A.B. asks: 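Quick one: the structure is below, and I'll ask about it shortly.
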Amino acid sequence: MIETAERTVVDGIEKRLFIGGEWRDATGGETLTVEDPSTAEPLAEVADATPDDAMAALGAAHEVQAEWRNYPPRERGEVLRRAFEKIVSRTDELALLMTLEMGKSLAESKAEIAYAAEFFRWFSEEAVRIEGRYAVPPGGAGRMLTMKQPVGPCILITPWNFPMAMGTRKIGPAVAAGCTMVVKPAEQTPLCMLALAQILEESGLPGGVLNVITSSQSGSVMGPLISDPRARKLSFTGSTEVGRKLIGQSAGQILRVSMELGGNAPFIVFDDADVDAAVEGAMVAKMRNMGEACTSANRFHVADSVAGEFAEKLARRMDAMKIGRGTEEGVEVGPLIDGAQRDKVQALVEDALGKGAKALVGGDKVEGAGYFYCPTVLDEVPRDATLLHEEIFGPVAPVASFGSEEEAIAAANDTEYGLVAYVFTGDLKRALRVCEGLETGMVGLNQGIVSNASAPFGGVKHSGFGREGGAEGIEEYLQTKYVAISS
Ligand code: NAP
């Protein structure tokens, strides 16, 4: 049962669509149900947008684009700065909201709120640093001027696993660059995005710049927007499968596209690594968000001589984790997002066990209400186990051993994904060799986390293209115009 304090926080959030600076019900008054994954009970009803609502949102974004691009950069930055302050001052209430709709522990929700807010602070500072270039061409005749201009109205689609940070990571640079936008959060976690829209509204963002559509029919609601010539960019975070489909749809209008897709992160431990530090790193890389992160360590490749010690120490740490509703004191492992996700994790574990892997700890779901899964360490995982090749998205750590450095790099790269890899070694030369050899957009070197608002986050291969955060993040929302000047 939901407690009074929890109900108060949920009740305080707008449940309607945010279009053109106004809150309105979906056409026809339909709603969708948001569930608490720790109990599988309904938490709230939010507006279920129709394709017409989505079109109205794009219309609103298009209408104010010309005006918004001419807003002084400092003012755009200050909207973000005020929103940053508000998010930080409301951390406790926002963290509770996030835990209720997504399941992660309160401590993890607070960490996400801090990370999410940081994108607004970072891009409030980037808004005033959009620069061009003036040059004398090599031949000396004429002059060259390049200027950066906003791309135009953007479609932003976000997943449920980081329901606030995946939003600020797109909204922050779009606002800073002078773009307007239509945002669609995942059906499971609309409340965080609605809270964010309220905060931006209170922070002085002009009506129409940000429009939020919540819907249970993502394909039919967003498809027409992607095909509409008024939209100029699509930024998507989610699965590779859906991303691939959206890239195809974007071809019609030749949209600028940014894709933050799935991962299958290798975590490599060499024999010269500090094994205890590697286990600490592994706990963060694996268990952040119950393993429901694109950056989650999906497979552990450990040097033969230390594989046994590493797996045993990791199993002890995983076994000691407290499972429960994220709102309870000391809980470290909340529920998975839904029954389908838990069934998928279970099937992957059964496949590995059937092919000869050994469960050192866990290996099954937790009986009872909610979608809980036991922290699991699988040792001696054979190469053909499906979970070494697919994104697990759950608290399961498969350990496989390797002989040589070349073998480790080859195993790490043996995937169509390329988001992030983790490397633990005490040898600097090896570290550089391995970092250069890995086919990923990011590497965590002797650390189990890479996320940082000031760094360029993104992948290669089937993990997507484009970067979010850092100096690169705003570039995704700007286009370059070159002016040839006669002199
Ligand atoms: P998903 O199923 O691909 O959904 C992502 C978003 O796309 C949701 O808002 C979803 O809406 C929407 N969507 C689904 N089908 C659509 C369609 N045909 N047209 C338009 N929108 C559509 O992914 P997820 O399960 O939410 O998220 C988990 C995935 O995200 C994992 O693969 C993870 O690795 C990836 N991820 C990547 C990053 C990164 O930065 N690389 C970060 C976080 C997560 P509905 O859910 O309402 O249908």
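Ligands are counted one by one from 1 in listed order, and the atoms in each one are counted from 1 as well. What you see below is based on every heavy atom in this structure, not just the backbone, and it leaves out hydrogens, waters and symmetry mates. These numbers were taken from a predicted model, which means no experiment stands behind them.
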A.B. asks: Checking Thr237 now: which residues fulfil side chain to side chain donor-acceptor pair (under 3.5 Å) with it, not counting sequence neighbours?
C.D. replies: Lys170
A.B. asks: Would you please name every residue forming a side-chain contact (heavy atoms from CB on, under 4.5 Å) with Asp379, sequence neighbours left out?
C.D. replies: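 Ala311, Leu360, Val399.
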A.B. asks: Show your working on ring-ring contact (aromatic ring centres under 6.0 Å, His included) between Phe267 and Tyr422 and close with a plain yes or no.
C.D. replies: CA-CA 5 Å; Phe267 189 107; Tyr422 303 93; 5.7 Å; yes
A.B. asks: Quick one: which residue pairs count as a side chain to side chain donor-acceptor pair (under 3.5 Å) with a foot in residues 12-28, not counting sequence neighbours?
C.D. replies: Glu14-Arg16, Trp23-Glu201, Thr27-Asp53
A.B. asks: Short question: side chain of Trp160, backbone of Ile337 - any donor-acceptor pair under 3.5 Å?
C.D. replies: no
A.B. asks: Would you find a donor on one side and an acceptor on the other, under 3.5 Å apart, between the side chain of Lys355 and the backbone of Asp384?
C.D. replies: yes
A.B. asks: Output the set of protein residues with a heavy-atom contact under 4.0 Å to ligand 1, ordered first by chain identifier and then by residue number.
C.D. replies: Ile157, Thr158, Pro159, Trp160, Asn161, Met166, Arg169, Lys184, Pro185, Ala186, Glu187, Gln188, Ser215, Ser218, Gly219, Met222, Phe236, Thr237, Gly238, Ser239, Val242, Leu246, Glu260, Leu261, Gly262, Gly263, Cys294, Glu391, Phe393, Leu419, Phe457
